[in-house]
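Everything numeric in this text was worked out from a predicted model, so none of it was measured.
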Amino acid sequence: MTMGHEQYDVVVVGGGVNGTGIAMDAAGRNLKVLLCEMNDLASATSSNSSKLIHGGLRYLEHYEFRLVQKALAERESLLKNSPHIMRPLRFRLPHRPHLRPAWMIRTGLFLYDHLAKREMLPGSRSIRFDKSGPLKPDITKGFEYSDGWVDDARLVILTAKKAQESGATILTRTKCVNAVRGDKNWTVTLRNMVSKEEKTVSAKVIVNASGPWVSKLFGETLSMPAPKTIRMVKGSHIVVPKINQDEEAYILQNEDERIVFVIPYEDQFSLVGTTDVEYEGDPKDAKISPEETDYLLKIVNAHFVRQLEPSDVVWSYSGVRPLMDGEEENAQKASRDYSFEIDQAKGKAPLISVFGGKITTYRKLAEVATNKLCHFFPEASGRWTKTAVLPGGDFATKDSLSAELKQDYPWLADDIISRYVRTYGTASRELLQGCTSVEELGQLFTGNLYEKEVQHLVKHEWAMTSEDILWRRTKQGLYASTSDVEALDAYLEKNL
């Protein structure tokens, strides 16, 4: 079945952090934007990161000063614009003198403190560890510095919501199956992956922001050779019961010159990662290997008193990072920077493709990409996203918002208020509208996930499946049994 034909300025292919970032920026400049994503928003790389807003301390060793400076400059903008889903985080780096000398670490941290302006985040310092801490007693010295934490999948969802509020059309479960280039427009065929219905739209410009699929899209959909290839690198993480009771994260050095993070996660857990493994195949099929699990556990066990076994792993996830393909021999040295390719062959309709990138620089990448887009739309307005607060982020502090919600909803448990604040911010009130008791939240599916929240996610955040809800919109999958998931699936099937 073929439906109508509508004209857009821009069609963005890809619903990860870069695609939604470009859609948001372009829509805010008064361009008519459509974004299509063949699966759920943030269903690939953008929900499978280490969940850090960071400059990338280890990139200094590979002399990527420009990338680190760019990322450091973005940290505080992002923390200010999304205070509900982001927070400052202190990192402790145990010193292992046989791996990196102290002078090298001090030099790196000095650069990290001074490559970009800091307002919110305190600088680095030397610290000492004692026997009361979680580390092994032979580790006595270390360093501490600041970076930031982000709920990566929610960053994508809220960026898409901001794009939608600015006028963009967001189509999830919609694949761009064909694009024919004309002199002034692209004719784009979109297929709904649920109903299998197709519709055709036209666009003056296509933006290929399909992440790990960016090169593949050229041959499959655009009928042209890819201008460059990407290097696919799998990064895997494990979640274990909380290793340390402190609020700080740890950054652990390893003999292979890599580093592994141990990050406080969802109150009761620690997130451990990541690996760097060359990957071939379909990015959606990426899974952690037993070797990767053993690798991460070995590094943690070399540092912490508490020893972990594979049976301690509560959950794991893997994402494929699309890195720019250089001449580097190993994956850890491949650049995390980004680049663009603009194709205007023989006066035909333009195509902009995004290669590489990292979550910390997504806003800047989107701004630069949209600046390039605006060369074709001279009537477009100027840049605006540096101070653009994402939906739900309009509050002073989490503590003050929590206190307000506690006053207005005294029947709501503290753990639910805490999670709502860091998930929805001020949009918690939209979710809770009309509720005057716990009973009015409806069916309890798992953890503290109630029917009212599920309805909100389906209506306002494009959620369609239990995976969308349990893992990308919330992290309540950490508490869900098989029967819990089945009950949620049955509810969605009945009510969607």
Side-chain angles (χ1 to χ4, degrees), residues 17-18 21-22 24-25 46 49-93 100 102-127 142-152 155 159 248-251 259 261 263 274 321 323-324 332-340 354 356-372 382-390 393:
V17 72
N18 292 334
I22 292 167
M24 168 182 150
D25 198 331
S46 294
S49 74
S50 295
K51 310 189 190 307
L52 297 178
I53 294 295
H54 67 139
L57 182 62
R58 67 190 175 98
Y59 305 150
L60 292 173
E61 289 188 314
H62 307 311
Y63 308 108
E64 292 207 63
F65 300 113
R66 188 178 71 87
L67 171 62
V68 174
Q69 183 179 38
K70 192 162 47 180
L72 289 172
E74 280 296 292
R75 283 184 317 186
E76 299 210 7
S77 290
L78 297 181
L79 287 164
K80 288 175 184 175
N81 294 344
S82 310
H84 43 338
I85 59 167
M86 301 189 191
R87 69 177 187 270
L89 188 61
R90 289 293 277 180
F91 286 79
R92 291 175 172 174
L93 194 165
R100 290 174 177 86
W103 67 264
M104 179 185 289
I105 296 174
R106 287 195 193 97
T107 302
L109 289 173
F110 178 83
L111 288 171
Y112 210 66
D113 283 343
H114 294 91
L115 276 173
K117 185 178 179 183
R118 276 183 301 108
E119 293 178 3
M120 297 172 62
L121 299 174
S124 61
R125 66 186 183 107
S126 298
I127 56 174
F143 304 88
E144 197 173 84
Y145 69 95
S146 293
D147 261 323
W149 155 269
V150 62
D151 186 329
D152 50 5
L155 175 63
T159 302
E248 292 82 8
Y250 284 81
I251 174 172
I259 57 93
F261 294 109
I263 304 165
T274 178
R321 298 189 288 271
L323 306 181
M324 293 192 296
Q332 71 194 65
K333 293 183 180 178
S335 176
R336 268 61 175 173
D337 210 345
Y338 57 79
S339 70
F340 303 98
V354 181
K358 62 197 294 282
I359 202 162
T360 308
T361 51
Y362 94 98
R363 188 208 65 83
K364 190 65 180 177
L365 179 153
E367 184 176 79
V368 174
T370 308
N371 288 343
K372 296 179 184 299
R383 62 188 74 182
W384 66 284
T385 60
K386 188 173 177 64
T387 58
V389 177
L390 291 185

Exercise. Taking all heavy atoms of Ala249 and all of Leu89, pick out the closest pair and write down the distance.
Key: CB-CD2, 3.9 Å

Quiz item: For Asp113, does its backbone N or O pair with a side-chain atom of Arg118 as donor and acceptor, under 3.5 Å?
Solution: yes

Quiz item: When rounded to the nearest 0.5 angstrom, what distance separates CD in Gln69 from CD in Glu74?
Solution: 12.0 Å

Practice problem: Have a look at Arg383 and tell me which of Asn371, Thr370, Asp25, Val368 forms a side chain to side chain contact (heavy atoms under 4.5 Å, CB included) with it. | Solution: Asn371

Exercise. Report yes if some heavy atom in the side chain of Thr159 is under 4.5 Å from a heavy atom in the side chain of Val17; otherwise report no.
Key: no

Quiz item: Would you find more than 12 non-hydrogen atoms of other residues, nucleotides or ligands less than 6.0 Å from Phe65 atom CZ?
Solution: yes

Quiz item: Angle class for the Phe91/Tyr145 ring planes (parallel below 30°, perpendicular above 60°, tilted otherwise)?
Solution: parallel

Quiz item: From Leu111 CG over to Arg106 CZ, what is the distance, rounded to the nearest 0.5 angstrom?
Solution: 14.5 Å

Quiz item: Which atoms form the tightest heavy-atom contact between Ser146 and Arg75, and what is the distance?
Solution: O-NH1, 3.0 Å

Practice problem: Indicate yes or no: at least one non-hydrogen side-chain atom of Ser46 is less than 4.5 angstrom from one of Asp152. | Solution: no

Quiz item: Roughly how far, to the nearest 0.5 Å, is NZ of Lys364 from OG1 of Thr385?
Solution: 8.5 Å

Quiz item: Is there side-chain contact between Lys117 and Glu76, with at least one heavy-atom pair below 4.5 Å?
Solution: no

Quiz item: Any side-chain heavy-atom pair from Asp147 and Tyr112 closer than 4.5 angstrom?
Solution: yes

